[in-house]
Structures are given as C-alpha cells and as structure tokens.
Amino acid sequence: MTFERVLVAGAGQMGAGIAQVVATSGRQVKLLDPWPGALERGLESIAASLGKLAEKGGPEPGAVLARITPVHGLEPAELLIEAIVEERAAKEALFREADELLPETAVLASNTSSLSITSLAAVTSRPGRVIGMHFFNPVPVLELVEVIRGLQTSDETARSIVELALDLGKVPAEARDFPGFVSNRILMPFVNEAAYALMEGVADAEAIDMIAKLGFAHPLGPLALADLIGLDTCVAIMEVLHEGLGNPKYAPCPLLRQYVAAGRLGRKSGLGFFDYH
Ligand code: CAA
C-alpha cells in the first residue's frame, strides 16, 4: 500500500501540518474541515510554513499547495488520517462515518495523542485496518511519528504505515496501545508538574521555563510548550492518563483546568501561561 490519495480530517495546526507533509511527498491530499474558516486558516498556515521551508531549499510552495484540495465532507481515499478535536465521542463518530464511506481496503489512522486505538477500531468493521499515527507539532519540522497498533491492527497495516512515515521523511517509533502511549505518558506529566510548580508559587512562569531551556537544553520550556499544544488538549490528555491508568499522580493540575475554563487555551487563543497578543 502506497496511499496515493489521502484524506486528512481536521485543518487545525496538526491536520494542516500533516496535510502539508503528505502533499510534499507527492501524494494528493484532501483536507477536510466543516468548521467555517478552518480550511482557509489551515491553508494559510501551510503556505506560511512552505514559504519558510522554500527559503531553505524546500519544495516550491505552489506545487505542494496544488496537491491539497479543501473539502467539507468525507470523500473516498486510500488512507484517512484523522486530526480532529481530542474528544473520544467526536473521533468515534468520524470513524463510524468513515468506515461506511471509505473503501473497505482503506486504512483509518488517528493522530490522537492519547486515546485508545483499540476502542476507536472497535466502532468500525475493519479493526485490522485501524492504527495510530501520531505526529508532533510543528509537523513539518519534527521528525517523529509514533505508530500505535491497536489490539487487532494487522501486521500489514502497521508495516504500510511505518513505510509511509519513512516516505514522508519521518522517523517512526512503535508504541503499544496504553493511555498516552509513550510520548504523552512522559511529556504530559512533565507539563502538568510545571503547572503545579507555578500554582504552588515555587517559581514564576518565566523561571520555570528558563530552568528547562537552559538546564535541560529543551527548545521550549514546559509552560510555553503547553501553550503551543493547547491547554485544553493538555487537560484532555491528563484526563485520559488519570482515568486509564487509575493513578492519582496523573490528575490534571487545577490551574490548568482553571485557565481552560477561562478560555486561556495558549497560543491559539492569544493567552495561556504567556501572552501572545
Ligand atoms: N514550518 C516550517 N518551519 C518552521 C516551522 C513551521 N511550522 N516552525 C518553525 N520552523 C523553523 C523556523 O523557520 C526556524 O528555521 P531556521 O532555524 O532556519 O531559522 C526553525 O524552525 C526554528 O524556529 P524558531 O527560530 O522560530 O524557534 P525555535 O528555535 O524555538 O524553534 C520549534 C521552534 C521548532 C517549535 C522549537 O521550539 C521546538 O522544537 N520546540 C519543541 C516542540 C515540541 O516539543 N513539540 C512537541 C509537542 S507534543 C506534540 O506535538 C504531540 C502531542 O501529543 C501533544
């Protein structure tokens, strides 16, 4: 399977980045988002990213953009990569619909950061062809793709997705289907603990991030990283870890919840731990 026609669902920062790297590999991409304005914003961010890459010898932006067709509903494809909101019910509804509309040979992949691939597969009639394909933000820059096999994912599906990741210029790493997989099992408690340190007044936000940047050589501190990911997504991932692993150490920090309740979602809302206005 080489997946020449790919449907990417969700034109937010992850979906747009995924559409960009798939189109850059020469494949035809349909980018789906029913929200008014989302496709336009997604295409603008792809054009901006391609512009930066072109300055450094990347592909001609017009040629890549010409391979991305915006669509408002599901369309036939050999591969669906889902990158919609991190909510189980929304993803299950999309997978049910895709299972009915896409050819039975199509693979349904999810970019979920933490939700069970096995459960998503269970709402379809093709659990062998359902898999996790977890990209990292910013997708055009970061090399990793975490490949997550559900309990029933076939060897052939896993092999074809690993090959696709390599063909996109990414480095695949396989993880088993446990809450948060490997990446967010490690990253999100780090982010959550930084929020606790802020809430408890151990240090201010600048100092917390400075310690991670200069002390651990992280490109971004945990609070700025949370702002990049989206604080609502961080809370959603901690809830999956908390519920799925049953350990109180994974409880989302109350300060994170409070910021989300106030609409302080990070970069996308202009305000999170830091101000982006
Ligand atoms: N497209 C193309 N190029 C981009 C880009 C994009 N979207 N974003 C940044 N770049 C380029 C810049 O143009 C710049 O290029 P030059 O060095 O040639 O000038 C380079 O990347 C570095 O960017 P900046 O100078 O603007 O800033 P930076 O050095 O801080 O790098 C960063 C930005 C790449 C985001 C870096 O801070 C970084 O890697 N941060 C960590 C991000 C991270 O941990 N992401 C994982 C989040 S977890 C996740 O996504 C999954 C999940 O499940 C939650």
Side-chain angles (χ1 to χ4, degrees), residues 10-24 41-61 64-65 81-87 91 109-117 132-148 165 168-173 175 177-192 194-195 209-210 212-214 216-241 244 252 256 265-268 272-274 276:
Q13 53 186 357
M14 296 305 291
I18 294 167
Q20 179 181 331
V21 296
V22 175
T24 300
R41 282 192 297 275
L43 290 169
E44 274 167 28
S45 80
I46 294 172
S49 171
L50 286 169
K52 284 185 201 169
L53 295 170
E55 285 169 17
K56 291 177 273 183
E60 205 274 301
V64 178
L65 283 166
I81 307 179
E82 166 281 310
I84 65 168
V85 63
E86 190 67 4
E87 285 172 14
K91 289 187 192 289
S110 174
N111 177 58
T112 179
S113 327
S114 59
L115 294 168
S116 164
I117 300 301
M133 193 176 191
H134 182 206
F135 291 82
F136 291 79
N137 188 12
V139 178
V141 179
L142 296 194
E143 283 184 280
L144 183 70
V145 173
E146 197 176 27
V147 176
I148 306 105
L168 299 181
K170 302 292 181 194
V171 178
D177 190 20
F178 280 86
F181 320 128
V182 172
S183 54
N184 280 312
R185 177 85 176 252
I186 296 170
L187 175 65
M188 220 31 84
F190 173 60
V191 164
N192 202 46
D209 272 18
M210 187 68 75
K213 280 166 70 176
L214 300 188
F216 318 148
H218 287 191
L220 285 180
L223 300 176
L225 182 56
D227 282 349
L228 176 71
I229 294 166
L231 304 193
D232 49 343
T233 302
C234 293
V235 168
I237 296 170
M238 286 309 296
E239 280 171 346
V240 170
L241 291 176
L256 265 178
L265 304 181
R267 284 195 198 191
K268 62 186 167 188
F273 289 109
F274 298 101
Y276 300 90

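Just so you know, ligand 1 is whichever comes first in the structure, and atom 1 is the first atom listed for that ligand.
There is a protein heavy atom less than 4.0 angstrom from atom 44 (O) of ligand 1. Within the 4.0 angstrom cut-off, atom 3 (N) of ligand 1 has one or more protein heavy-atom neighbours. Closer than 4.0 Å to atom 27 (O) of ligand 1 lies none of the heavy atoms of the protein. There is no protein heavy atom less than 4.0 angstrom from atom 33 (C) of ligand 1. Less than 4.0 angstrom separates atom 17 (O) of ligand 1 from none of the non-hydrogen atoms of the protein. Put simply, atom 20 (C) of ligand 1 has no protein non-hydrogen atoms near it, under 4.0 Å away. There is a protein heavy atom closer than 4.0 angstrom to atom 54 (C) of ligand 1.
Ranking the protein heavy atoms by distance from atom 42 (C) of ligand 1 puts N137 O, 3.7 Å first. Of all protein heavy atoms, the one closest to atom 49 (C) of ligand 1 is F136 CD2, 3.6 Å. Of all protein heavy atoms, the one lying nearest to atom 10 (N) of ligand 1 is V141 CG2, 3.7 Å. In terms of protein heavy-atom proximity, atom 37 (O) of ligand 1 is nearest to L220 CG, 3.5 Å. Closest to atom 35 (C) of ligand 1 among all protein heavy atoms lies P138 CD, 3.6 Å. The protein heavy atom nearest to atom 41 (C) of ligand 1 is P219 CG, 3.7 Å. For atom 13 (O) of ligand 1, the closest non-hydrogen atom on the protein side is K52 CD, 3.3 Å. Given atom 12 (C) of ligand 1, the protein heavy atom at minimum distance is K56 NZ, 4.1 Å.
Residues satisfying the side-chain contact (heavy atoms from CB on, under 4.5 Å) criterion with A226, sequence neighbours excluded, are V191, L231, C234, F273. Listed by chain and residue number, D209, L220, F274 satisfy the side-chain contact (heavy atoms from CB on, under 4.5 Å) test with A224 (two or more places apart in sequence, or in another chain).
Of the candidates I18, V22, V145, V22 is the only one forming a side chain to side chain contact (heavy atoms under 4.5 Å, CB included) with L168.
Side-chain contact between I117 and T112: present, with at least one pair of heavy atoms (C-beta onward) separated by less than 4.5 Å. Under the 4.5 Å side-chain criterion, counting only non-hydrogen atoms from C-beta, E146 is in contact with V182. By the 4.5 Å heavy-atom criterion applied to side chains, E60 and L50 are not counted as neighbours.
When the heavy-atom distances from atom 52 (C) of ligand 1 to K213, H134, M188, Q20 are ranked, the shortest goes to H134.
Residue T233 does not touch ligand 1, judged by heavy-atom distances below 4.0 Å.
For ligand 1 and L225, the ligand atoms under 4.0 Å from any heavy atom of the residue are 42 (C), 43 (C), 44 (O), 45 (N), 47 (C). Within the listing of ligand 1, atoms 1 (N), 2 (C), 6 (C), 7 (N) sit less than 4.0 angstrom from a heavy atom of S49. Heavy-atom proximity to L187, at under 4.0 Å, picks out these atoms of ligand 1: 48 (S).
Using a 30° and 60° split on the angle between ring planes, F136 and H134 fall in the tilted class, from 30° to 60°. Ring geometry, F190 versus F216: the interplanar angle falls from 30° to 60°, so the pair is classed tilted.
Checked for salt-bridge contact, K268 and D232 meet the test: a charged N lies under 4.0 Å from a carboxylate O.
The main-chain N or O of S110 is never found under 3.5 Å from a side-chain atom of K91 such that the two would form a donor-acceptor pair. Judged by distance alone, with hydrogens and angles left aside, the side-chain atoms of Q13 form no donor-acceptor pair with the main-chain N or O of G42 at under 3.5 Å. Between the E86 side chain and the S113 main chain, a donor and an acceptor come within less than 3.5 Å of each other.
Heavy-atom distances between H218 and ligand 1 stay at or above 4.0 Å for every pair.
The minimum heavy-atom distance between L142 and N137, with the atom names listed, is CD1-O, 3.4 Å.
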